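Chain letters run A, B, ... following the sequence lines, proteins first and then strands; every chain starts at 1. Atoms considered below: every heavy atom in the structure, side chains included; atoms not considered: hydrogens, waters and symmetry mates. Please read all numbers here as calculations on a predicted model, not as lab measurements.
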Amino acid sequence: MKFQTPRGTRDILSPEVEFRNYVFEKSRELFEIYGFKEIVTPTFERTEVFTKGIGEASDIVSKEMYTFKDRKGRSLTLKPEGTAPVVRSFIQNKMYGKSLPIKLYYCGQMFRYEKPQAGRGREFSQVGIEIIGTSDPLADVETIALVMNLYKQLGIDKTKLIVNSMGCRNCRKKYLQDLNKYLEIKSKNLCENCNFRIEKNPLRVFDCKVDQCKKILSKSPILRDYLCNECEDHFKNVLKGLESLKIKWQLDNRLVRGFDYYTKTVFEVTAPKLGAQDAICGGGRYDYLIEDYGGPLTPAVGVAIGVDRTALVMMRMGIKPFSEKNIQVFLIALNDTAKKKAIVLLDDLRKNKIPSDMDYGNRGIKGQFKMADRLKAKYVLILGEDELRNNKVSLKEMDTGKQSIVNYDDVINYLKEKIKESN
RNA sequence: GUGAGCGUAGCUCAGCUUGGUUAGAGCGCAGGAUUGUGGCUCCUGAGGUCGCGGGUUCAAAUCCCGUCGUUCACCCCA
């Protein structure tokens, strides 16, 4: 193959693209019902926008960004996630001057230089929401409720909501001290990978799948025990809120999101049929991010939904909530004169919003019928010598095989009626 | 970034272990049986740089090396 898409990118073709569009449509619809307004940020940003918020030491910043220099030598980066640009925009456009909270949603392509796998490409789509300017736990609840609602509407069941609290600046500091102490003592019994994590980001040890490490970690200090009163209250209220909405959750002390900016609530939803890449959305609270970017201290919460993965789950689960948009009418012309008349009729059908098509080439009647069949056309219109002579059109209903003759001038109205009836 | 599997017709795959005539099947596609009627059946046909490059050999789809792509796990995350 001489020309092919770069590694980790792909063409998204017909059955999948409809699923994907459906996810976009449903998300947009729900976001607006929940009172969110769309924001479109650039595909690339100044590199600092991401290094600042996500964290220099994170995997994303340290090895997964598509960073390049423009012609003036400025360092730019294709966005690897959606929250940092929204926060940048919030500050740049002085949205803190508006009445808060402000509720924003985005849809777009993200880019990360990762090793590709099913459900993990180097370019992928996300939709996401951000509620900026409130520390109320209800905002966390609303965010979670929205995504759970979305999956329900998409027909995805057996999702699992995992929640945890990361604490705030204060309680996390104490916790990390104690965790490090504990890990140091046990370090010789932990795997090599974990020892590496201890240096890099101790919270990451909870991702380990080695039995021995799991055992040791099950007795490690738990972040939740270190939560200050405020964080504890917040978390309890989030869980209470979920309960009142009848949303089931699963507590996971080991859930640690990969961005440094998270505080308090973090959550993730996983879906079946995806193997190891089973997170279909992830989010949480980020109360200091805006301040870190130089804005006023403004608490916020958000979530990002993986569109490609969501579409993939739907396909693998055999969910097909949308009807196929097939051709309604197929035109068959049997000679050149008929063809000339057919293109006029076809144009008319289309102007009347009746999905219709005809053959370009010079297939025989049989070939054209086959095409009509393959396109799943409901009606076939035949224009041949007989019909031309009498200014008529033969109309065949493909499901029943019934055929009738209709006046050329009446055919459009006749079909409109027919189609209306069958809906 | 680490480890493993896979790459043969448009699609799903067989053949590779043990190298040896013109590389096969099913589905799909085209034509015909039915000269103005689809789906079912039957017949015929088209379609392949065996991912790419190199090596071993008289001879490579088959063995070896490299490379690209993909899948799975790790990792990370959506």
### Query
Over how many whole Å does the gap from A:L388 atom CG to B:G36 atom P extend?
14 Å
### Query
Considering only B:U37, B:G36, B:C77, which nucleotide approaches the side chain of A:F369 most closely?
B:U37
### Proximity to the side chain of A:Q117 - top-ranked nucleotide from B:U37, B:C74, B:C68
B:C74
### Task
Answer with yes or no whether the side chains of A:Y226 and A:D178 bring together a donor and an acceptor at under 3.5 Å.
yes
### Query
What is the pairing partner of B:U62, taking Watson-Crick or G-U wobble pairs with both distances under 3.5 Å in any strand?
none
### Message
For the P atoms, the ones on B:C75 and on B:U56, what distance do you get once it is rounded to whole angstrom?
### Response
43 Å
### Query
Under a 3.5 Å cut-off for both distances, is B:G24 Watson-Crick or wobble paired, and to whom?
B:C13
### Query
Taking NZ, NE, NH1 and NH2 as the nitrogens, is one of them in A:E114 or A:R122 under 4.0 Å from a carboxylate oxygen of the other?
no
### Query
Within the structure shown, what part of the strands sits under 4.0 Å from A:D308 by heavy-atom distance: base, sugar-phosphate, or nothing?
nothing
### Distance between P atoms of B:C50 and B:C40 (Å, rounded)
34 Å
### Query
Starting at CG of A:L255 and ending at P of B:A78, how long is that distance when rounded to a whole Å?
10 Å
### Message
I want to verify a distance call: between B:G69, B:G1, B:A78, whose nearest atom is closest to the A:K115 side chain?
### Response
B:G1
### Query
NA contact type, A:A372, heavy-atom cut-off 4.0 Å: base, sugar-phosphate, or nothing?
nothing
### Query
Touch check for A:F259, heavy atoms < 4.0 angstrom, all strands: base, sugar-phosphate only, or nothing?
sugar-phosphate
### Message
Closer than 3.5 angstrom, by distance alone: can the side chain of A:N164 be matched with the main-chain N or O of A:L255 as a donor-acceptor pair?
### Response
yes
### Query
So what does A:K63 touch, heavy atoms closer than 4.0 Å: a base, only the sugar-phosphate, or nothing?
nothing
### Query
For the side chain of A:R120, counting heavy atoms from C-beta on, which of B:C72, B:G1, B:G69 is nearest?
B:G1
### Query
When we call it a touch if two heavy atoms are under 4.0 Å apart, what does A:R374 touch: a base, just sugar-phosphate, or nothing?
sugar-phosphate
### Separation of B:C77 C1' from A:Y261 OH (nearest whole Å)
12 Å
#### Entry: Shortest side-chain distance from A:A304, nucleotide among B:C72, B:U37, B:A78
B:A78
### Query
Where the side chain of A:K366 is concerned, which of B:C74, B:G38, B:A78 is the nearest nucleotide?
B:G38
### Message
Please give the distance between the P atoms of B:A60 and B:A73 as a whole number of Å.
### Response
38 Å
### Task
Between B:C77, B:U37, B:C74, spot the one nearest the side chain of A:I382, thanks.
B:U37
### Message
Using side-chain heavy atoms (C-beta onward) and a distance below 4.5 Å, is A:R112 in contact with A:E81?
### Response
yes
### Query
Is any N or O donor-acceptor pair between the side chain of A:E387 and the base of B:G36 shorter than 3.5 Å?
yes
### Query
When we call it a touch if two heavy atoms are under 4.0 Å apart, what does A:L334 touch: a base, just sugar-phosphate, or nothing?
base
### Message
Heavy atoms only, 4.0 Å cut-off, all strands: where does A:E385 land among base, sugar-phosphate and nothing?
### Response
base
### Query
Which is true for A:E81 with a 4.0 Å heavy-atom rule: it touches a base, it touches only sugar-phosphate, or it touches nothing?
nothing
### Task
Could you tell me which nucleotide pairs with B:C74 by Watson-Crick or G-U wobble geometry, both distances under 3.5 Å, or answer none if nothing does?
B:G1
### Task
Taking atom P in both B:A9 and B:G15, compute the distance separating them and give it to the nearest angstrom.
15 Å
### Query
Between the side-chain atoms of A:R257 and the base atoms of B:C76, is any donor-acceptor pair under 3.5 Å?
no
### Query
For the side chain of A:Q368 and the base of B:U37, is some donor closer than 3.5 Å to an acceptor across the two?
no
### Task
Tell which nucleotide pairs with B:G38, taking only Watson-Crick or G-U wobble pairs whose two distances are both under 3.5 angstrom.
none
### Task
Any chance you could lay out the side chain to side chain donor-acceptor pair (under 3.5 Å) test for A:R20 and A:S125, step after step, and finish with the verdict?
CA-CA 9 Å; A:R20 203 180 132 79; A:S125 300; 3.2 Å; yes
### Task
Give the C-alpha distance, both sets of side-chain angles, the deciding distance and a yes or no for side-chain contact (heavy atoms from CB on, under 4.5 Å) between A:L334 and A:I365.
CA-CA 7 Å; A:L334 296 176; A:I365 184 162; 3.7 Å; yes
### Message
Return the pairing partner of B:C29 with a 3.5 Å limit on both distances, Watson-Crick or G-U wobble; otherwise return none.
### Response
B:G45
### Task
Would you indicate, yes or no, if B:G36 has its OP1 or OP2 atom less than 4.0 angstrom from a side-chain nitrogen or oxygen of A:R363?
no
### Query
Got a donor-acceptor pair under 3.5 Å from the side chain of A:K396 to the base of B:G38?
yes
### Query
Looking for any heavy atom pair under 4.0 Å, which part of the strands does A:G367 touch: base, sugar-phosphate only, or nothing?
nothing
### Message
What is the separation between atom CG on A:L274 and atom C1' on B:A73, rounded to the nearest whole Å?
### Response
15 Å
### Query
Hey, does A:G121 reach any base, or is it just sugar-phosphate, or nothing, if we go heavy atoms under 4.0 Å?
base
#### Entry: Residue A:R112, side-chain heavy atoms: nucleotide from B:U37, B:G36, B:A78 that is nearest
B:A78
### Beyond-backbone contact of A:L78 with A:F68, side-chain heavy atoms, under 4.5 angstrom
yes
### Value in whole Å for how far the C1' atom of B:C76 lies from CZ of A:F124
11 Å
### Query
Do A:L381 and A:L349 have side-chain heavy atoms sitting under 4.5 Å apart?
yes
### Query
With a 4.0 Å cut-off on heavy atoms, is A:I332 in touch with a base, just the backbone sugar-phosphate, or nothing at all?
nothing
## Note on the structure
When rounded to whole Å, the OH to P distance for the pair A:Y262 and B:C76 reads 16 Å
### Task
Examine the base of B:A73 for any acceptor or donor lying under 3.5 Å from a partner atom in the side chain of A:Q277, and report the outcome as yes or no.
no
## Note on the structure
The answer to which of A:E64 and A:D386 contacts RNA chain B further toward the 5' end, by nearest nucleotide, is A:D386
### Task
Using both distances under 3.5 Å as the test, list the Watson-Crick or G-U wobble partner of B:G69, or none.
B:C6
### Query
Is any side-chain heavy atom of A:K264 closer than 4.5 Å to a side-chain heavy atom of A:V301?
no
### Task
Pick base, sugar-phosphate or nothing for A:G384, based on heavy-atom distances below 4.0 Å to the nucleic acid.
base
### Query
In whole Å, what separates the C1' atom of B:G1 from that of B:U49?
34 Å
### Query
Taking the P atom of each, how far is B:U17 from B:G7, in whole Å?
14 Å
### Query
Of the nucleotides B:C77, B:G39, B:C76, which one has an atom closest to the side chain of A:K370?
B:G39
#### Entry: Gap between atoms OH and P, on A:Y379 and B:G39 respectively (whole Å)
21 Å
### Message
If you assign A:A276 and A:T400 each to the RNA chain B nucleotide with the nearest heavy atom, which residue ends up on the more 5' nucleotide?
### Response
A:T400
### Message
In terms of relative ring orientation, are A:Y262 and A:Y286 parallel, tilted or perpendicular, with 30° and 60° separating the classes?
### Response
perpendicular
#### Entry: Spacing between A:E114 atom CD and B:U71 atom P, to the nearest angstrom
13 Å
